Asker: 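Mind having a look at this structure? Questions to follow.
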Amino acid sequence: MGLHLTRALRNFNLENRAHGLIGKEKPRPAPSHPKTEDALRATKTHHPDIEDKIRNKDNLLLTRLKEVYVDSSDPSSEVQTKESASAQEELRLPKLNVNRESLMDLDVESIPKGKISVLEALTLLNNYKNSPETWTAKKISEDYHLDSKNTQALLEYFIPFNVKIIPPKDKKQITDS
């Protein structure tokens, strides 16, 4: 019963509504910029048959498009398991001089080789700042299994414990009076 009622309401005055929508004035496109109009006129004078080429189908292009076929497949699961096994082999334990019990909140059990935790980064940067003769980039990269180039860049550009206030050059400083 409900189906008949909804169908009747949906189809009520359907033909008149369709004619009304068809008879509406179509929206006009926005006016073109004068330079764009000049470029279109120049193109039409140099290539008078371009409008026909745009409006007609290119059968050669359509046949080539129909010949295109893409076939893809997921990599096999054996490759994925080998990658995950090799990733598990390259883990190391965190190197920190603090109690393991204080690290229980962080849940850091192992770290991939070539990476360091935030606490390790702060520790090694502090060690380097306090004694750069003993904590060289080479020693840090060997101890933490890091790339020597990345370690050198870390020590050179990342200085978290220094605060530098650079005064503006073009403004006058306000003095307390």
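What you see is a predicted model, and the numbers here were worked out from it, not measured in a lab.
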Asker: Are the side chain of T43 and the backbone of A39 linked by a donor-acceptor contact shorter than 3.5 Å?
Answerer: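 Side chain of T43 to backbone of A39, a donor-acceptor pair under 3.5 Å: yes, one is there.
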Asker: Any chain of hydrophobic side-chain contacts (each under 4.5 Å) joining L60 to I54?
Answerer: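 No, separate clusters.
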Asker: Indicate yes or no: at least one non-hydrogen side-chain atom of D58 is less than 4.5 angstrom from one of K53.
Answerer: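 No; the side chains remain at least 4.5 Å from each other.
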Asker: How close do S141 and S148 get, heavy atom to heavy atom, and via which atoms?
Answerer: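 Closest heavy-atom pair between S141 and S148: CB-CA, 4.0 Å.
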Asker: Counting distance only, does the side-chain N/O of N56 pair as donor-acceptor with the main-chain N or O of D52 below 3.5 Å?
Answerer: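 Yes, because the side chain of N56 sits within donor-acceptor range (under 3.5 Å) of the backbone of D52.
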Asker: Taking atom CD of E156 as the centre, report whether more than 12 heavy atoms of other residues, nucleotides or ligands fall under 6.0 Å from it.
Answerer: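 Yes - once you tally the heavy atoms of other residues, nucleotides and ligands closer than 6.0 Å, there are more than 12.
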Asker: Answer with yes or no whether the hydrophobic clustering places L14 together with L21; edges join I, L, V, M, F, W, Y residues whose side-chain heavy atoms lie under 4.5 Å apart.
Answerer: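 Different hydrophobic clusters.
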Asker: Apply side chain to side chain contact (heavy atoms under 4.5 Å, CB included) to T134 and list each qualifying residue two or more places apart in sequence or on a separate chain.
Answerer: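 By the side chain to side chain contact (heavy atoms under 4.5 Å, CB included) rule, T134 matches S131.
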Asker: Roughly how far, to the nearest 0.5 Å, is the OH atom of Y128 from the CD atom of E133?
Answerer: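 Rounded to the nearest 0.5 Å, the CD-OH separation comes to 9.5 Å.
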Asker: To the nearest 0.5 Å, how far apart are CD in E142 and OG1 in T151?
Answerer: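 One gets 10.0 Å once the value is rounded to the nearest 0.5 Å.
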Asker: If I take atom CG from residue L62 and atom NZ from residue K57, how far apart are they, to the nearest 0.5 angstrom?
Answerer: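 Rounded to the nearest 0.5 Å, the CG-NZ separation comes out at 6.5 Å.
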Asker: Where do I116 and I111 land on the side-chain contact (heavy atoms from CB on, under 4.5 Å) test, with the steps shown first?
Answerer: CA-CA 7 Å; I116 56 175; I111 299 171; 5.6 Å; no
Asker: When you compare the side chain of L124 with that of L155, does any pair of heavy atoms fall below 4.5 Å?
Answerer: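 Yes - at least one pair of side-chain heavy atoms lies under 4.5 Å apart.
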Asker: May I ask you to test the L154-I140 pair for a side-chain heavy-atom distance under 4.5 Å?
Answerer: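 No, side chains not in contact.
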Asker: For N13, what residues pass the side-chain hydrogen bond (donor to acceptor under 3.5 Å, both in side chains) criterion, not counting sequence neighbours?
Answerer: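 N13 satisfies side-chain hydrogen bond (donor to acceptor under 3.5 Å, both in side chains) with N16 once adjacent residues are dropped.
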Asker: Please, which pairs that meet salt bridge (Lys or Arg N to Asp or Glu O under 4.0 Å) have at least one residue in residues 16-42, sequence neighbours excluded?
Answerer: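 Only E37-R41, D38-R41 qualify under salt bridge (Lys or Arg N to Asp or Glu O under 4.0 Å).
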Asker: Report the distance from atom CD of E120 to atom CG of L125, rounding to the nearest 0.5 Å.
Answerer: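 Output value for this atom pair is 11.5 Å.
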Asker: Checking the side chain of Q152 only, and the main-chain atoms of K149 only, is there a donor and an acceptor separated by less than 3.5 Å?
Answerer: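 Checked: no pair found.
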Asker: To the nearest 0.5 Å, how far apart are CG in N127 and CH2 in W135?
Answerer: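 It is 5.0 Å, given to the nearest 0.5 Å.
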Asker: With the 4.5 Å side-chain cut-off for hydrophobic clustering, are Y157 and L146 part of the same group?
Answerer: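 No; L146 is not reachable from Y157 via cluster members.
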Asker: Please report the interatomic distance OH(Y69) to CG(D71), rounded to the nearest 0.5 Å.
Answerer: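 Result: 4.5 Å between the selected atoms.
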Asker: Please check if the number of heavy atoms outside K138 that lie under 6.0 Å from its NZ is greater than 12.
Answerer: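 No - once you tally the heavy atoms of other residues, nucleotides and ligands closer than 6.0 Å, there are 12 at most.
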